[in-house]
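Reading through the structure tokens given below for one structure.
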Amino acid sequence: MMNIKTTLLYLFLGSSILLFSQTQKSSNSNLDESKTGSVILHQNLPSLKGYPIAPFRDTLFFVYNRIGSFNAENRANAITSRIVLLYKDPFFKKDSLRLSKSDFGVDIVYNSDFVVMSVTDLDGKTIGTSNFALAQRNLAIIQKTVLFQKENNAVESLLKRIGLVLLLIGLVIVIVFAINKLFRWLRLFLIKRQDKYFSGLKIKGSYVFSPQRHLEFVLRIVTMARIVVLIFTFYISLPAIFSVFPETKAYASTLLKWVFSPAKAALMGFLDFLPNLISILVIVTLFRYLLKAIKFFVDEIQKGQIKIEGFYSDWAKPTFNIIKVLIYAFMIVIIFPYLPGSNSPIFQGVSVFVGILFSLGSSNAIANMVAGLVITYMRPFKIGDFIKIGDVSGTVVEKTALVTRVRTSKHEDITIPNATVLSSSSINYSANIGENGNGLLIHTKVTIGYDSSWKDVHKALIEAALRTDLLEKVPAPFVLQTSLDDFYVEYEINAYTKHPNEQPLVYSNLHQNIQDCFNEAGLEIMSPHYNSHRDGNRTTIPDNYLDNGYKPSSFNIKVNK
């Protein structure tokens, strides 16, 4: 089978060579005829120097005279190059060449607008014929030569172009193979050394990117880069392949323009933007160091190293945030004219549109931000304080520009908009628990009948307060008699605590101790309305507080006669 294929190949090559040699001989004979005629004419003109028209190495005819500023040599070179252009035209047709009269004489014109050469009256007289006859002869020579060269080189040129295309395709395959192998090696290299190069990304001790996520992110970038390189390789190879054939050469330039025209425009735009970019970098650097200088003084004020009368240390950070926003806004105003497209009406229209949307859609947010700023400088509470806003009581766990978060004694986190905080009254139970304050005054009331000594009641209440944990011994607890009602006296025990966030526990313990102390003192906490019917009934005091010989009193019955 292999021998048959080889034999057929040799037969095809042999026949092609034989056909080419026969065609070449006929061509040479035709050219020799025209060349002989030209030489004979040239021999009849010993006084003038002729310049040959030889676009394909064989002389077609001679040019002896000049036209205007073109001497004979320049004319010959120009005519030669135009004949070569006719040969390179893939859509050349013999009938497209014709004669046309002009001011100089007779022109040989291609497609009605391309003048190949002009034949003047002087050219005809030099040869010994009319300019029209000379133009006809030259037209026939040009037509025959161009057609012959096209027919002669068609198969050979096609084979060369096909071979070149196959070579380019093979080169592209090799490049694609090398690119894939390179990126495969790069992936394996990164995976094997992931412990060295991918430690993740941490912010304040928390992983934003774990090491595994970091590796996956980089591998995705490598994959995208591989795809981009392959697409670019394929895209660049297409113009190279299209440029091989004259029929598709226009597509090659079009494809290249699609890529290189935007790339050139982007590059030129970037180069034009470089002076503005340098100005922007200088402005940003100056403002950055200005903020660093302000931050230094803010930190010193916050630490208490620098004291300003009437300016509290907890104002330092929010004030710095306000100054930072103003400085950034001023910096953007300065930078804006240097940005590309800042003078564009579309850019300005989009900026106005975004500003309107922000203004209309963020009225509540801006109100909360302003309220948060006012609350900061009012200083009604700080983080960690136990407060009451409206019906919500709890510890402040977070203060932001928009909301305040409170954690109740039941561990419920409640978010309150700053505008609501500002419009509502707030109670701060932690305002006086510092070193210079006595603490929060805890108070609760009991009502005791008039038959109990107020001194014994005071003593029992104070003892109950002294027994209660988280209540201060100094200042000492005290009792207030807040009212004298029809059936009882209202007593109020007051004691200081520096643990306002533990109020539910403090009140519970205090109430337990009041019960114990009153029982120990023999004081009954009971509604006096019920006491008016108590003759003969057992007391409500627990048994362990009563004497061993306790007996309920008998009913008192009074008989009226």
Side-chain angles (χ1 to χ4, degrees), residues 23-24 26-154 157 243 245-250 253:
T23 311
Q24 186 71 25
S26 62
S27 169
N28 290 337
S29 62
N30 291 334
L31 290 175
D32 287 341
E33 290 176 2
S34 62
K35 182 176 177 182
T36 304
S38 299
V39 171
I40 292 171
L41 291 173
H42 180 64
Q43 289 175 355
N44 294 331
L45 300 167
S47 60
L48 292 176
K49 182 180 179 180
Y51 293 92
I53 306 299
F56 309 109
R57 291 180 297 182
D58 293 325
T59 302
L60 304 183
F61 50 85
F62 291 87
V63 173
Y64 301 94
N65 303 304
R66 65 185 299 143
I67 294 180
S69 60
F70 277 84
N71 56 30
E73 184 179 4
N74 291 337
R75 281 186 68 195
N77 293 332
I79 295 170
T80 301
S81 62
R82 291 169 186 170
I83 294 174
V84 172
L85 290 177
L86 293 180
Y87 167 74
K88 290 182 177 180
D89 185 2
F91 306 105
F92 174 81
K93 292 182 181 180
K94 176 182 177 182
D95 297 336
S96 298
L97 275 173
R98 60 185 182 82
L99 299 179
S100 175
K101 291 185 178 181
S102 66
D103 296 336
F104 295 100
V106 180
D107 293 340
I108 299 176
V109 181
Y110 179 67
N111 283 339
S112 304
D113 57 354
F114 182 70
V115 178
V116 178
M117 69 173 295
S118 297
V119 179
T120 63
D121 293 336
L122 185 59
D123 291 332
K125 291 179 181 179
T126 303
I127 299 300
T129 183
S130 66
N131 58 357
F132 188 79
L134 180 60
Q136 281 184 323
R137 192 201 72 171
N138 291 345
L139 173 62
I141 293 174
I142 293 173
Q143 287 176 335
K144 185 183 298 185
T145 303
V146 171
L147 289 176
F148 171 77
Q149 292 295 332
K150 281 185 169 292
E151 292 174 358
N152 186 40
N153 297 327
S157 177
S243 62
F245 296 96
E247 294 82 359
T248 58
K249 200 168 186 179
S253 59

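Small disclaimer: the values here were computed from a predicted structure and weren't measured.
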Original post:
So how far is it from D107 CG to L139 CG, rounded to the nearest 0.5 Å?
Top reply: 12.0 Å

Original post:
Taking atom types as modelled and ignoring hydrogens, do the side chains of N74 and N77 form a donor-acceptor contact shorter than 3.5 angstrom?
Top reply: no

Original post:
Quick one: CG on D123 to OG on S130, what's the gap to the nearest 0.5 Å?
Top reply: 11.5 Å

**OP:** Could you tell me which non-hydrogen atom of P52 sits nearest to which non-hydrogen atom of A76, and how far apart they are?
**Re:** O-CB, 4.0 Å

Original post:
Say you draw a straight line from CG of L122 to CZ of R66; how long is it, rounded to the nearest 0.5 Å?
Top reply: 11.5 Å

Original post:
Got more than 12 heavy atoms from elsewhere within 6.0 Å of CZ, F92?
Top reply: yes

Subject >> Spatial distance of atom CG (D58) from atom CD (Q149) [nearest 0.5 Å] >> reply: 8.0 Å

Original post:
Would a distance-only check, ignoring hydrogens and angles, find a side-chain to backbone donor-acceptor pair under 3.5 Å from N71 to E73?
Top reply: yes

Subject >> Pairwise distance OG1(T129) to CZ(R137) - rounded to 0.5 angstrom >> reply: 9.0 Å

Subject >> Validation row, ring centre F148 to ring centre F56 under 6.0 Å >> reply: no

Subject >> Where A72 and Y51 come nearest, the two heavy atoms and their spacing >> reply: CB-CD1, 3.5 Å

Subject >> For the student: nearest non-hydrogen atoms of R75 and N65, plus distance >> reply: NH1-O, 2.8 Å

Subject >> Heavy-atom side-chain contact between F114 and L85 under 4.5 Å >> reply: yes

Subject >> Heavy-atom side-chain proximity of T145 to I83 below 4.5 angstrom >> reply: no

Subject >> Candidates I67, N131, V106, L134 - the one meeting side-chain contact (heavy atoms from CB on, under 4.5 Å) with T120 >> reply: I67

Subject >> Least distance between heavy atoms, S96 atom then Y110 atom >> reply: CB-CE1, 3.3 Å

Subject >> Value rounded to 0.5 Å, distance of CD1 in I79 from CZ in F70 >> reply: 10.0 Å

**OP:** Looking only at non-hydrogen atoms, find the nearest pair between I108 and A135 and report the distance.
**Re:** CD1-O, 3.8 Å

Original post:
Considering all heavy atoms of both residues, which atom of P55 and which atom of V84 are nearest to each other, and what is their separation?
Top reply: CB-CG2, 3.8 Å

**OP:** Let me see the working for N138 and V116 under side chain to side chain contact (heavy atoms under 4.5 Å, CB included), right down to the final yes or no.
**Re:** CA-CA 11 Å; N138 291 345; V116 178; over 6 Å; no

